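Counting starts at 1 for both ligands and their atoms, following the listed order. Each residue takes its place number in the sequence, starting with 1. The model shown is predicted, which means the values in this text are computed figures rather than measured ones.
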Amino acid sequence: MNKYIEKAERTHKLTEDELVSLLQDPSSSGELAISADRVRAKYVGSGIHLRGLIEFSNICRQNCLYCGLRRDNPKIERYRLSEAEILELAKKAKSYGYKTVVLQSGEDIYFSVKVLTNLLYKIKEMDLAITLSLGERSLDEYRAFKQAGADRYLLRIETTDKNLYEQLDPGMSFKNRKSCLWNLKELGYEVGTGCLIGLPGQTLHSLAQDILFFQQLDADMIGIGPLIPNMDTPLAFAAKGDFDLTKKMVSLLRLLLPEANIPATTAMETLKADARVIILQAGANVVMPNVTEGDYRRKYALYPGKICVADTPAQCRCCIGGKIKSIGRYVAQDKGFRSHISTRSY
Ligand code: SAM
Ligand code: SF4
Ligand code: FES
């Protein structure tokens, strides 16, 4: 066994150089996946948590160079769901057996504290856990959402390379992104973060630093995904993120943050058929099936080739259930909060 993989499985610690050595070694992928799968089984078990994703608005005030929702993209057809539509989707998510809904959008300030907290109270009455993914807000806004029932918040750091971050997310500050994450932590949210793999100019050292940052934050969830270039953005001609590198990152994340919830993300499946099944066997334990309906799925166009755009939420539920069964795992029946079995003795 590779000595660094053995060390990671035993101690859940690696240095930046050790991480880079594994990321650049083309032969480490299989062994990393097997080791991460063992750690996954030991710390979070065989249940897979399904979180129903509701993409409720594609309106965004930000201008991230990689994202189709960026404000300067005139080609995207914008939409914003009404409160009644969002509640209807949450109700349906519940009927498919999902225990969590993830409310995701661009940075759409129409969803003020008043609008969102009203919505959150109503969703909470359905006995669902709520994850928010709405981008950067103030401490007071995050506090109000938490008090109204939000349990978790997803805010990817995207990259811990400050210069790269500020170049790719013009008008946004790396310092503020980080302080949003620490604010969320302080308010008692389960905090999810993550990064994009394959950003132009990103190095393996930078990816290793991303992992160490997630450890430092003690992230409860880490969602990573390959960059998929979007023709309607300034990164139209960038290279796609590499699937194998993404897979290795997932395995390393499981080894270094053994209790975290780690999704097999949709963007991975855009790169490779059956990617989610592969990633679920390389360290991941969460899937976020889409519950957005009809044409809105297509219009939430972060990148091209998004899977499931022509499928209904019921088809996705059935499809993902079958995939989970096919690898000898099962759909977890609890809300899937982060486990704390080790009390960080590693
Ligand atoms: N607006 C919120 C934010 O940025 O945190 C949440 C929604 S945003 C669309 C969710 C994630 O989509 C981002 O964190 C980013 O990593 C990912 N994303 C955007 N454009 C992408 C692309 N072209 N390829 C892969 N992932 C992309
Ligand atoms: Fe807006 Fe999020 Fe896309 Fe950036 S990644 S443009 S903040 S939706
Ligand atoms: Fe949507 Fe497979 S998860 S069709």
Side-chain angles (χ1 to χ4, degrees), residues 50 52-73 76 78 96 102-109 111 131-137 153-159 165 168-172 176-177 180-181 184 192-200 210 221-236 238-241 246 263-271 273-277 287-293 297 299-324 326:
L50 299 182
L53 176 66
I54 301 176
E55 300 161 329
F56 67 91
S57 165
N58 69 358
I59 296 169
C60 189
R61 64 178 168 173
Q62 302 293 4
N63 222 5
C64 308
L65 298 194
Y66 40 80
C67 179
L69 271 48
R70 65 197 303 270
R71 69 167 186 267
D72 285 353
N73 178 9
I76 190 166
R78 303 282 173 179
Y96 301 129
V102 181
L103 299 179
Q104 194 183 75
S105 67
E107 287 201 12
D108 182 355
I109 47 167
F111 288 93
T131 305
L132 296 178
S133 178
L134 335 165
E136 296 183 14
R137 297 287 181 114
Y153 205 102
L154 289 178
L155 185 77
R156 287 185 178 174
I157 192 76
E158 315 292 4
T159 170
Y165 178 86
L168 295 174
D169 301 79
M172 297 174 82
N176 194 54
R177 193 89 176 163
C180 284
L181 286 167
L184 290 162
T193 185
C195 57
L196 277 164
I197 312 292
L199 293 168
D210 292 352
M221 303 172 278
I222 307 130
I224 65 165
L227 171 75
I228 315 281
N230 182 327
M231 286 314 283
D232 299 332
T233 67
L235 292 199
K240 281 183 186 165
T246 308
T265 57
T266 315
M268 297 176 189
E269 197 125 344
T270 301
L271 279 189
D274 260 347
R276 286 175 300 176
V277 160
V287 178
M288 292 161 56
N290 202 331
V291 293
T292 318
E293 289 195 346
R297 279 189 182 212
K299 291 183 182 167
Y300 198 79
L302 311 182
Y303 49 77
K306 201 175 140 197
I307 58 163
C308 308
V309 283
D311 299 298
T312 64
Q315 283 167 329
C316 289
R317 174 64 186 85
C318 179
C319 159
I320 204 69
K323 285 178 197 273
I324 289 171
S326 77

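For ligand 1 and Tyr300, the ligand atoms under 4.0 Å from any heavy atom of the residue are 7 (C), 9 (C). Close approach of ligand 2 to Arg70 (heavy-atom distance below 4.0 Å) involves ligand atoms 6 (S). Ligand-side atoms of ligand 1 in range of Cys67: 19 (C), 20 (N), range being under 4.0 angstrom from any heavy atom. Taking a cut-off of under 4.0 Å to the non-hydrogen atoms of Cys308, the atoms of ligand 3 that pass are 1 (Fe), 3 (S), 4 (S). For ligand 2, the atoms lying closer than 4.0 Å to a non-hydrogen atom of Leu69 are 8 (S). Within ligand 2, counting atoms from 1 as listed, the ones closer than 4.0 Å to a heavy atom of Cys64 are 4 (Fe), 5 (S), 6 (S), 7 (S). Taking every non-hydrogen atom of Leu196 and a distance limit under 4.0 Å, the qualifying atoms of ligand 1 come out as 16 (O), 25 (C), 26 (N), 27 (C). Every atom of ligand 2 is numbered from 1 in the order shown, and the set under 4.0 Å from a heavy atom of Gln62 is 7 (S). Short contacts between ligand 1 and Ser133, defined as distances under 4.0 Å to a heavy atom of the residue, involve ligand atoms 6 (C). Heavy-atom proximity to Gly106, at under 4.0 Å, picks out these atoms of ligand 2: 8 (S). Taking a cut-off of under 4.0 Å to the non-hydrogen atoms of Pro226, the atoms of ligand 1 that pass are 24 (N), 25 (C). Close contacts between ligand 1 and Leu302 involve ligand atoms 9 (C), 12 (O), 23 (N) [criterion: under 4.0 Å to a heavy atom].
Ser57 places no side-chain N or O within 3.5 Å of a backbone atom of Ser105 that could act as its donor or acceptor partner. Using modelled atom types, one side-chain atom of Arg156 and one backbone atom of Gly223 make a donor-acceptor pair closer than 3.5 Å. When atom types are taken as modelled, the side chain of Arg71 and the backbone of Cys60 share no donor-acceptor pair closer than 3.5 angstrom. A donor-acceptor contact shorter than 3.5 Å is absent between the side chain of Arg317 and the backbone of Pro289. Judged by distance alone, the side chain of Asn73 and the main-chain N or O of Gly68 form a donor-acceptor pair under 3.5 Å. Using modelled atom types, one side-chain atom of Arg78 and one backbone atom of Asn58 make a donor-acceptor pair closer than 3.5 Å.
For ligand 1, the polar-atom distance check finds an N/O of Ser105 within less than 3.5 Å of one of the ligand's N/O atoms. Not a single N or O atom of Asn230, backbone or side chain, sits closer than 3.5 Å to an N or O atom of ligand 1. Considering both main-chain and side-chain atoms, Gly68 never comes within under 3.5 Å of ligand 1 through any nitrogen or oxygen pair. In terms of N/O distances under 3.5 Å, ligand 1 is approached by Tyr66. For ligand 1, the polar-atom distance check against Gln104 finds no nitrogen or oxygen pair separated by under 3.5 Å.
With hydrogens left out, the protein atom closest to atom 3 (S) of ligand 3 is Arg276 NH2, 3.2 Å, a heavy atom. The protein heavy atom nearest to atom 3 (Fe) of ligand 2 is Cys67 SG, 2.4 Å. Counting only heavy atoms of the protein, atom 24 (N) of ligand 1 lies nearest to Ile228 N, 3.0 Å. Of all protein heavy atoms, the one lying nearest to atom 4 (S) of ligand 3 is Asp311 OD2, 3.4 Å. The protein atom (non-hydrogen) at minimum distance from atom 2 (Fe) of ligand 3 is Cys319 SG, 2.2 Å. Atom 14 (O) of ligand 1 has as its closest protein heavy atom Glu158 OE2, 2.6 Å. At the shortest separation from atom 11 (C) of ligand 1 among protein heavy atoms lies Arg156 NH1, 4.4 Å.
The number of heavy-atom neighbours closer than 6.0 Å to NZ of Lys306, taken from other residues, nucleotides and ligands shown, is above 12.
Between Leu134 and Tyr153 the shortest side-chain heavy-atom distance falls below 4.5 Å. Side-chain contact between Arg70 and Pro234 is present, with heavy atoms from C-beta onward closer than 4.5 Å. Residues Leu196 and Thr159 have side chains not in contact (no heavy-atom distance under 4.5 Å, counting atoms from C-beta outward). Contact of the Ile224 side chain with the Thr246 side chain is registered, since non-hydrogen atoms from C-beta on lie closer than 4.5 Å.
Under 4.0 Å from ligand 3, not a single heavy atom of Arg317 appears. Looking at Ile320 against ligand 3, nothing comes within 4.0 Å, counting heavy atoms.
Per-atom contact check: atom 8 (S) of ligand 1 does not touch the protein, criterion being a heavy-atom distance below 4.0 Å. Inside a 4.0 Å radius of atom 8 (S) of ligand 2 there is at least one protein heavy atom.
Of all heavy-atom pairs between Asp274 and Glu269, the closest is N-OE2, 3.6 Å. The minimum heavy-atom distance linking Met172 with Tyr165 is given by the pair CE-OH, 3.7 Å.
When the heavy-atom distances from atom 4 (O) of ligand 1 to Arg61, Arg177, Lys240, Met172 are ranked, the shortest goes to Arg177.
The CD1 atom of Ile222 sits 8.5 Å away from the OG1 atom of Thr193 when rounded to the nearest 0.5 Å. Taking CG of Leu69 as the reference point, atom CG of Asn63 lies at 11.5 Å (rounded to 0.5 Å).
Using a 4.0 Å cut-off between a side-chain N of Lys or Arg and a carboxylate O of Asp or Glu, Glu136 and Arg177 qualify as a salt bridge.
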Checklist entry - Given Asn290 and Glu55, is the side-chain hydrogen bond (donor to acceptor under 3.5 Å, both in side chains) satisfied, shown in steps? => result CA-CA 8 Å; Asn290 202 331; Glu55 300 161 329; 3.2 Å; yes
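Among the backbone and side-chain atoms of Cys60, an N/O/S atom is found under 2.8 Å from atom 1 (Fe) of ligand 2.
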